[in-house]
Amino acid sequence: MSTARKDPKGQNWIRTGQLSWRVRAALVLLLLSATATVWVTNRLLTDRFTESTRNRAELRLALYSGNLLSELRRNAIVPQLLARDPTLIAALQSSDFSQSTQRLISFVEEIGAASLMLLDRDGRTVAATDRNRLGEQHRSAAYFVDPVRSNSTVFSTIQREAGGYSFTYSRRLEDSSGVLGVIVVEVDLQKFERAWSGISDAVFVTNSAGTIILATEPRWRGLAPAQALSQQTPENAIERAIRVTADWTALPADAYLRGEAVMRMDSRIPFRGWQMTSFTTYASIRERVNGVLALEIMGFAILLALSFYALSRRTAFRMALFQRESAELRALNARLQREIAERERVQKTLEVAEQTLAQSSKLAALGEMSAAVSHELNQPLAAMKTYLAGARLLLRRNRPEEALSSFGRIDDLIERMGAITRQLKSYARKGQEALSPINMGDALAASLAMMEPQLRQRQVQITQILPDRPVLVMGDRMRIEQVMVNLLRNALDATKSVRDPEVEIILAAGETATLTVRDNGHGIRDFESIFEPFYTTKQPGDGVGLGLAISSGIVNDLGGRLTARNGQHGGAVFEMQLPILEDGLEAAE
């Protein structure tokens, strides 16, 4: 029976019978899907986990056999080395065994063997790592008889009275007189039994005769594999049949151990026909498969519950979703408005900062140019002041001809000041004016003439070393003289605090024209900043730190270089190197 329900607007009709049919069909389809998925998953995971368990068991078995073989081979070489030990041979020859036991104890710690014994030619223990065994007789033991008869290392497997086996390597010690004794090395293979017992597998090792010599079950040692497995407590036949019938795996059991189906793995050890066998249970596989199936069933159950919940809560969920999206959009809109306002504020702040930075750059450039002009005009102005004072004095003494000579020098200085203001382009421009051949000697003489007022005031010894022939360079005489004046002034300033100031001027012509100005001042302390603008060591008011910066720029513009260093006997040394003219042609440096 189906019923009809009219929506509030009266336009659509919903048949509840059709809706129930669809829900039932979806439920049946979900159950069928769950059943098919669980069945397929169980089948696939069973095969997969069984195969992976077998692979891990094979890998573990290979690892066990490899470790066992490695231990045997590692100890096989020990008797051969100890048989050549001169200390042990000497002890057997002299029958003095006071230090032999201690020597064997030191060896066993390095070798890692279970124990070491030294037997004399009569089979008596004369040295051993276990002091309780000293004096024991082993004349009839295989590890004594066999190596005495054979000139090689002998391996022996000896069954202990208390149970288990001991494994030894032995070799005889001999000299020219014959056999002196036998060294016996016991291999510690029981440590592998202890390691194997910490896992869920059962493991045993059989020798070439098929006897178990190592096993995780102590009762199996000394038995054949069939006898060892038959020693398990027999169970009721009906219970065992039920257990086998109810076994979840479709694979046949390789063996039965304690009544449970297990996988049996056999591996040959390449040592005297030994063989290793392991038994792995299926219990861990079933647990892993059941865990995955439980998760799948739980997932389908949750999916079914969510389906019913979704049918009843679909409308409410949509309303809540719409409300949440609306709130998120409002919050996003408010956040965007705040970000836009913040960006506009930052943009205005950036514009103000750019204007301030541009104004600061202009002021800095203006200040730098002003400092450069004042620095370069300071020297001519000082000279003009001195010449004016001299001319005034000459006029008072009625010596007009000499006064006119001073006025002529003042006129030259004024022309020089005009040229300096035009040529200060270290910081203003990089253009190159017309150059002409310049005699460096004449330029040096003019520079010294300009420095004459300062030289008269100071008691400075000036030493000049000039070549016989003129030294010609291609350049601007005014700018070259400007560099020379700056170097001479720096030398004079550097010798202010020296008792006997000296300035040495050397002009040399080689591959380059080199002018060297050396003083006996205190030298240069900071080479990295000496040619930087506004770097100075003078007191405030004595200089602005632009002389060397301007001079370096002028020399670089003329294709040369200006260098500074400290002299061997103190003081500073400045060198100006310019390309020299040879036969009217400019030589490259």
Side-chain angles (χ1 to χ4, degrees), residues 372 375-376 379 423-427 430 432 435 438-448 451 460 462-467 471-496 498 501-538 543-582 586-589:
H375 177 274
E376 293 303 323
Q379 187 68 29
Q423 295 174 359
L424 280 178
K425 48 190 176 180
S426 298
Y427 302 97
K430 294 294 183 180
Q432 187 68 261
L435 304 179
I438 303 299
N439 187 345
M440 293 286 287
D442 295 341
L444 178 60
S447 301
L448 289 173
M451 294 293 298
V460 181
I462 304 296
T463 303
Q464 298 186 53
I465 302 176
L466 305 177
V471 180
L472 300 179
V473 297
M474 182 66 71
D476 185 347
R477 176 167 180 170
M478 192 68 64
R479 301 178 72 191
I480 292 176
E481 291 178 4
Q482 185 177 350
V483 175
M484 292 180 177
V485 169
N486 285 332
L487 296 180
L488 292 173
R489 184 178 179 183
N490 280 343
L492 292 178
D493 293 338
T495 57
K496 282 184 177 181
V498 180
E502 297 179 2
V503 176
E504 184 180 11
I505 304 172
I506 302 174
L507 179 62
E511 295 182 357
T512 60
T514 303
L515 176 67
T516 304
V517 179
R518 180 184 292 109
D519 60 66
N520 62 340
H522 298 290
I524 303 171
R525 297 181 181 178
D526 189 359
F527 287 96
E528 296 182 358
S529 305
I530 190 172
F531 292 110
E532 293 183 1
F534 302 106
Y535 173 80
T536 180
T537 58
K538 301 175 183 178
V544 295
L546 287 174
L548 290 178
I550 294 174
S551 300
S552 178
I554 292 174
V555 174
N556 290 335
D557 290 342
L558 296 178
R561 63 177 181 175
L562 180 62
T563 60
R565 69 177 189 276
N566 286 325
Q568 295 181 357
H569 303 290
V573 180
F574 287 88
E575 286 187 357
M576 177 179 64
Q577 298 179 358
L578 293 174
I580 195 171
L581 285 178
E582 296 180 356
E586 184 178 358
E589 182 178 352

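When a residue number appears, it is its place in the shown sequence, counting from 1. Since the model is a prediction, treat every value here as computed from it, not as a measurement. Atom set for the values below is all heavy atoms of this structure, side chains included, hydrogens, waters and symmetry mates excluded.
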Provide the closest heavy-atom pair for V498 versus G521 in the form atom of the first, atom of the second, distance.
-> CG2-CA, 3.9 Å
Of the non-hydrogen atoms in R565 and I524, which two are nearest, and what is the gap between them?
-> O-CD1, 4.0 Å
Distance (rounded to the nearest 0.5 Å) between H522 NE2 and K496 NZ = 12.5 Å
Would you sort out whether L562 and N556 count as a side chain to side chain contact (heavy atoms under 4.5 Å, CB included), showing the intermediate values?
-> CA-CA 8 Å; L562 180 62; N556 290 335; over 6 Å; no
Go through V483 and M576 one step at a time and tell me if the side chain to side chain contact (heavy atoms under 4.5 Å, CB included) criterion holds.
-> CA-CA 9 Å; V483 175; M576 177 179 64; 3.5 Å; yes
What distance do I480 atom CD1 and L578 atom CG have between them, rounded to the nearest 0.5 Å?
-> 5.5 Å
Measure the CZ-OG distance between R489 and S551 for me, rounded to the nearest 0.5 Å.
-> 11.0 Å
If you take all heavy atoms of A572 and N566, which pair is closest and at what distance?
-> CA-OD1, 4.3 Å
When you check the gap from the basic side-chain N to the acidic O, do D442 and R477 get nearer than 4.0 Å?
-> no
Could you pull out the closest heavy-atom pair between E481 and A443, with the gap in Å?
-> CG-O, 3.7 Å
At their closest point, which heavy atom of E575 faces which heavy atom of T516, and how far apart are they?
-> CG-OG1, 3.5 Å
Run the numbers on V460 and L492 for side chain to side chain contact (heavy atoms under 4.5 Å, CB included), then give the verdict.
-> CA-CA 8 Å; V460 181; L492 292 178; 3.9 Å; yes
Please step through side chain to side chain donor-acceptor pair (under 3.5 Å) for the pair D519 and T495, ending with a clear verdict.
-> CA-CA 7 Å; D519 60 66; T495 57; over 6 Å; no
Taking the side chain as every heavy atom from C-beta outward, state whether L448 and I505 have any pair of such atoms under 4.5 Å apart.
-> yes
Show your reasoning for whether side chain to side chain contact (heavy atoms under 4.5 Å, CB included) applies to V503 and V517.
-> CA-CA 7 Å; V503 176; V517 179; 4.2 Å; yes
Is there a side-chain contact between L472 and I580 (heavy atoms, below 4.5 Å)?
-> no
Reported CZ-to-CD1 distance for the pair R479 and I554, which is rounded to 0.5 angstrom | 5.0 Å
L466 meets the side-chain contact (heavy atoms from CB on, under 4.5 Å) criterion, sequence neighbours left out, with L444, Q464, L507
To the nearest 0.5 Å, what is the distance between OG (S447) and CD (Q482)?
-> 10.0 Å
Distance, nearest 0.5 Å, that separates CD of E504 from CG of N520 = 10.5 Å
Can you check whether L558 reaches L435 side chain to side chain, under 4.5 Å on heavy atoms?
-> yes
So, do Q577 and E511 sit near enough that their side-chain heavy atoms are less than 4.5 Å apart?
-> no
Heavy-atom pair with the smallest gap, counting every atom of L515 and M484 | CD2-CG, 3.6 Å
